[in-house]
Amino acid sequence: MKFYIVKKDSRLAAIPAQESILNEYKERGFEFVEVIAACDESDALSRTTPSVNGSKKWLIYPTTLVILSLIAIIFAIN
């Protein structure tokens, strides 16, 4: 059976692959992530890729550090 994986904030849900159900979830603020073939909802969630499960908040700190370093270098040169 196929399932749609949908995501809202950091919450994932597996729903049966029917357009009407997907549209209902989209109206509630969920976004489509991928289609998974699995036996049931829990199996579908366990088969999702790690990049879908993980948050990308860890990118904020290194990016901020690089930007602040570049600003400091520019001011040091002037």
Side-chain angles (χ1 to χ4, degrees):
M1 185 172 182
K2 289 188 178 183
F3 291 91
Y4 290 142
I5 304 298
V6 292
K7 180 179 181 180
K8 182 176 182 180
D9 300 326
S10 62
R11 191 174 81 194
L12 291 176
I15 58 174
Q18 295 177 356
E19 290 294 324
S20 59
I21 297 173
L22 179 62
N23 291 335
E24 289 175 14
Y25 273 80
K26 283 184 177 180
E27 289 175 2
R28 290 190 228 157
F30 283 82
E31 63 183 49
F32 172 79
V33 176
E34 65 181 321
V35 178
I36 297 284
C39 300
D40 57 6
E41 289 89 356
S42 61
D43 185 34
L45 289 174
S46 67
R47 292 175 186 240
T48 58
T49 58
S51 63
V52 172
N53 289 333
S55 176
K56 297 192 182 202
K57 289 183 181 179
W58 61 271
L59 286 174
I60 293 172
Y61 298 113
T63 306
T64 304
L65 181 64
V66 168
I67 292 171
L68 291 175
S69 298
L70 289 174
I71 292 171
I73 291 170
I74 291 171
F75 280 112
I77 291 173
N78 290 334

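Not measured: the values here are computed from a predicted model. This chain uses plain numbering: 1 for the first residue, then up along the sequence.
Clustering of Ile, Leu, Val, Met, Phe, Trp and Tyr side chains at separations under 4.5 Å places Ile21 together with Tyr4, Val6, Ile15, Leu22, Tyr25, Phe30, Phe32, Val35. Residue Leu70 belongs to a hydrophobic cluster whose other members are Val66, with links defined by side-chain heavy atoms closer than 4.5 Å. Hydrophobic cluster of Ile71: the remaining members, joined at side-chain heavy-atom separations below 4.5 Å, are Ile67, Phe75, listed by chain and number. When hydrophobic side chains of Ile, Leu, Val, Met, Phe, Trp and Tyr are connected at separations under 4.5 Å, Ile73 ends up clustered with Ile77.
Applying the side-chain hydrogen bond (donor to acceptor under 3.5 Å, both in side chains) test to residues at least two apart or on different chains, none of the pairs has a partner in residues 62-77.
Of all heavy-atom pairs spanning Asp43 and Ala38, the tightest one is OD2-CB, 3.4 Å. Here the closest heavy-atom approach between residue Arg28 and residue Lys8 is recorded as O-NZ, 2.9 Å. Of all the heavy atoms in Thr48 and Leu45, the pair that sits closest is OG1-O, 2.9 Å.
Taken from CD in Gln18 to CD in Glu24, the straight-line distance is 9.5 Å, to the nearest 0.5 Å.
With sequence neighbours excluded, the residues forming a side-chain contact (heavy atoms from CB on, under 4.5 Å) with Glu41 are Phe3, Ala14, listed by chain and number. When the side chain to side chain donor-acceptor pair (under 3.5 Å) test is applied to Asp40, the partners found at least two apart in sequence or on another chain are Ser42.
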